[in-house]
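Down below is the structure, laid out as structure tokens.
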Amino acid sequence: MSTPGSPSDSVRVRYCPSPTGSPHVGLARTALFNWAFARHHGGTIVFRMEDTDKERNSSESYDAILDLWRWLGLTWDEGIEKGGPHGPYRQSERGDIYADVLARLRASSYTYDCFCTNEEVEARRKARGSKVMGYDGFCRELSTDQRAAFEAEGRAPVVRFRMPDGEITFTDLVRGDITFQTEFVPDFALSRANGDPLYTLVNPVDDALMGITHVLRGEDLLSSTPRQIALFEGLKAIGVAQATPAYGHLPYVMGEGNKKLSKRDPEAHMELYREQGFLPEGLLNYLALLGWAIAGDRDVFSLDEMVEAFELADVNPNPARFDLKKAEAINASHMRLLSVEEVTERVLPFLAKEGVVADPPTEEEARLLAQAMPLVAERINKLAEAPAMLDFLFVDEAGFTRDPDDVAELLDETGRSVVQASYDALGGLEEWTTASIEEALRTALIEGLSLKPRVAFGPVRVAVTGRRISPPLFESMELLGRERSLSRLQSALG
RNA sequence: GCCCCCGUCGUCUAGCGGCCUAGGACGUCGCCCUCUCACGGCGGUAACGCCGGUUCAAAUCCGGUCGGGGGUACCA
């Protein structure tokens with residue numbers, strides 16, 4: 001399976017979302033690529049929660065992320081709710097670990113205490129006319145006197161990492177070699193003045209402690225990579241890290257225009273797609289297409305096929321725009337891959353939510369549904385489209401309503417005369433079957449009234465199903481039954 | 001400003017020096033099927049940002065340029 005020099009079964013990757021806000025498509029796409037990569041190589045997936053930001057964390061978000069991951073089927077082997085040898089897996093519970101690492105780092109020459117305020121740094125930068133933003137290294141070589149003076153002022157230091165001189169080159173797993181001159185990478189803070197560790201510290205520390213071998217993340221983190229690589233040298237020196245992971249930066253998922261899909265954009269939220277009735281496998285298939293292709297002439301595939309074929313070298317570094325239309329088309333393809341029984345199964349929660357059937361459905365409802373779904377399954381592209389197509393069959397006569405717009409358009413005077421003729425033609429039918437209904441109506445309307453089919457059946461459809469759009473009319477009437485069908489034709493006249 | 005990334009149809013992409021008068025998918029347009037819708041079928045539309053270089057040969061390699069994006073925090 002594994003070849004020399006390529007990732008082997010020792011691959012360890014991680015999901016590390018922070019529970020702030022609702023899960024984003026970019027987050028899911030990144031998770032998917034990590035998942036596919038790890039599964040392809042028989043590796044291990046660690047799930048940890050980066051909940052260091054006390055201000056923005058929420059348990060709702062935490063739950064939403066786990067819920068989403070389970071729905072999508074993005075499994076993991078170690079971490080949140082699973083445990084493992086490197087826990088705890090919530091950063092909020094790892095304070096002692098970070099404090100210890102920070103203390104050891106502070107005792108080394110890799111860091112130094114910095115007493116500067118942002119204002120002071122900015123003032124110095126302006127005075128110097130420097131083009132490089134960020135910290136200027138002022139506190140790098142503080143004398144004991146200077147230090148004492150700051151402390152006498154009541155200042156508390158942040159711990160800063162001392163970037164080495166020279167350049168840092170790494171081989172990005174999707175982009176190839178990337179080099180940064182460290183003069184453009186300022187010394188960065190690892191902790192706040194109050195001692196709280198920052199993301200810059202905890203993310204690499206956890207990767208180190210959890211033995212992460214491959215870090216696949218968003219392109220937005222590309223420019224922080226030299227800092228992490230430099231930090232890893234320090235972590236290795238103090239015995240916290242064994243090795244520096246390999247990094248791969250996945251392309252952005254963009255929204256409309258040229259902006260990165262932002263949290264404020266409703267299309268960015270994964271819940272939306274779930275609510276609309278996307279299939280997890282359909283959504284994931286589409287997400288996979290954002291930066292990866294299984295073949296030149298094919299874009300519908302299963303997750304198993306993706307795992308089989310996925311290689312990081314094939315990931316396209318270009319940013320990709322999220323295209324709802326295509327996402328829906330891919331989803332529709334997956335819908336057509338399901339059996340009617342499977343579609344029925346998946347549609348059930350949507351029907352229950354809309355009150356079309358009980359939860360769980362009654363025996364009678366289940367029976368009707370089994371008859372109706374073959375008509376519906378092939379004409380919906382998302383699960384949430386089902387209730388509107390089916391409710392006319394399940395609603396009782398007292399609760400039956402018609403779409404006002406469709407009524408206005410199709411049940412005008414001529415429309416009602418068509419309905420009347422239909423009522424007359426069907427009233428005496430001996431056998432109530434799709435074929436006999438169709439024959440009777442065609443005879444009465446097409447031949448009798450010389451109407452064009454679409455003109456003839458439109459009003460009948462609205463009368464019986466309440467909508468201009470419905471499953472096939474004659475089949476629908478058979479399922480509805482003679483009594484209710486006739487009663488609806490009748491009520492459409494009044 | 002500075003640093004980094006990116007650049008093939010409207011969109012997602014295939015392409016890794018000759019198979020390319022550039023392929024597929026979504027979209028879009030036209031037609032067919034048809035009781036609505038959806039499906040399905042057929043056909044059309046449409047791209048290698050630009051300029052140099054390397055080479056017998058470049059969408060593919062190199063340089064530049066232009067354009068887009070991101071990063072420049074005691075956020076993550």
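- Within 4.0 Å of A:L473, counting heavy atoms only, lies at least one base atom of the nucleic acid.
- Residue contacts shown for A:P251 are absent, as no nucleic acid heavy atom lies under 4.0 Å away.
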All N/O contacts under 3.5 Å from nucleotides 31-33 of chain B to the protein, with atom names and distances to one decimal?
none

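- Phosphate contact (OP1/OP2 of B:G15, side-chain N/O of A:N316, threshold under 4.0 Å): absent.
- The side chain of A:R467 places no N or O atom within less than 4.0 Å of a non-bridging phosphate oxygen (OP1 or OP2) of B:C37.
- Between the side chain of A:R379 and the base of B:C37, at least one donor-acceptor pair of N or O atoms lies under 3.5 Å.
- Nucleic acid contact for A:N118: sugar-phosphate only, since backbone atoms but no base atoms lie under 4.0 Å from a heavy atom of the residue.
- Applying the salt bridge (Lys or Arg N to Asp or Glu O under 4.0 Å) rule to A:E385 yields no partners; only residues at least two apart in sequence or on another chain are considered.
- Between A:W69 and A:Y15, the ring planes are perpendicular. Angles over 60° get that label, and only those under 30° would be called parallel.
- Residue-level contact check: A:T225 touches neither bases nor backbone, having no heavy atom under 4.0 Å from any strand.
- No salt bridge links A:D403 with A:R467; every basic N to acidic carboxylate O contact stays at or beyond 4.0 Å.
- As judged by a 4.0 angstrom heavy-atom cut-off over every strand, A:R336 is placed among residues touching the sugar-phosphate backbone only.
- Residues passing the side chain to side chain contact (heavy atoms under 4.5 Å, CB included) test with A:A320 are A:L290, sequence neighbours excluded.
- Considering only side-chain atoms of A:F180, the nucleotide from B:C12, B:C3, B:G27 that sits closest is B:C3.
- In the model, A:R461 has a side-chain atom that pairs as donor or acceptor with a side-chain atom of A:S470 under 3.5 Å.
- Between A:W292 and A:F301, the distance separating the two ring centers is shorter than 6.0 angstrom.
- Contact annotation: A:T117 does not reach the phosphate of B:C74 (side-chain N/O to OP1 or OP2, under 4.0 Å).
- In this structure, A:L480 places its CG atom 20 Å from P of B:C35, rounding to the nearest Å.
- Base-pair partner of B:G10: B:C26 (Watson-Crick or G-U wobble, both distances under 3.5 Å).
- Across the interface with RNA chain B, nearest-nucleotide mapping of A:L222 and A:W292 shows A:L222 to be the residue nearer the 5′ end.
- Counting non-hydrogen atoms under 4.0 angstrom, A:R175 reaches the backbone sugars and phosphates but no base.
- Pairing for B:G71 is with B:C2, a Watson-Crick or G-U wobble pair whose two hydrogen-bonding atom distances lie under 3.5 Å.
- Across all strands shown, A:E409 has no heavy atoms under 4.0 Å from either base or sugar-phosphate atoms.
- A:R442 has a side-chain polar atom (N or O) that falls below the 4.0 Å cut-off from OP1 or OP2 of B:C35.
- Comparing atom distances between the A:V158 side chain and each of B:U36, B:C74, B:G24 picks out B:C74 as nearest.
- The number of heavy-atom neighbours closer than 6.0 Å to CG of A:N194, taken from other residues, nucleotides and ligands shown, is above 12.
- Using a 4.0 Å cut-off between a side-chain N of Lys or Arg and a carboxylate O of Asp or Glu, A:E50 and A:R90 do not qualify as a salt bridge.
- OP1 and OP2 of B:U36 both lie 4.0 Å or more from every side-chain N or O belonging to A:R468.
- Contacts of A:R125 with the nucleic acid, taken as non-hydrogen atoms under 4.0 Å apart, are absent.
- Among the protein residues, A:S18 comes within range of the sugar-phosphate backbone only, with heavy atoms under 4.0 Å from sugar or phosphate atoms but none that close to a base.
- At a threshold of 4.0 angstrom between heavy atoms, the contacts of A:T465 with the nucleic acid are absent.
- Picking from B:U11, B:A76, B:U36 the nucleotide with the shortest atom distance to the side chain of A:S470 gives B:U36.
- Note on A:P453: only backbone sugar-phosphate atoms sit closer than 4.0 angstrom, heavy atoms only; bases stay farther off.
- Contact annotation for A:C116: base contact, defined as any heavy-atom pair under 4.0 Å involving a base atom.
- The residue A:N381 sits close only to the backbone: its heavy atoms come under 4.0 Å of sugar-phosphate atoms, none of a base.
- The residue among A:I380 and A:A193 whose nearest nucleotide of RNA chain B lies closer to the 5′ end is A:I380.
- Within the nucleic acid shown, A:Y135 has no heavy atom closer than 4.0 Å to any nucleic acid atom.
- Under a 4.0 Å N-O distance rule, the pair A:D196/A:K54 qualifies as a salt bridge.
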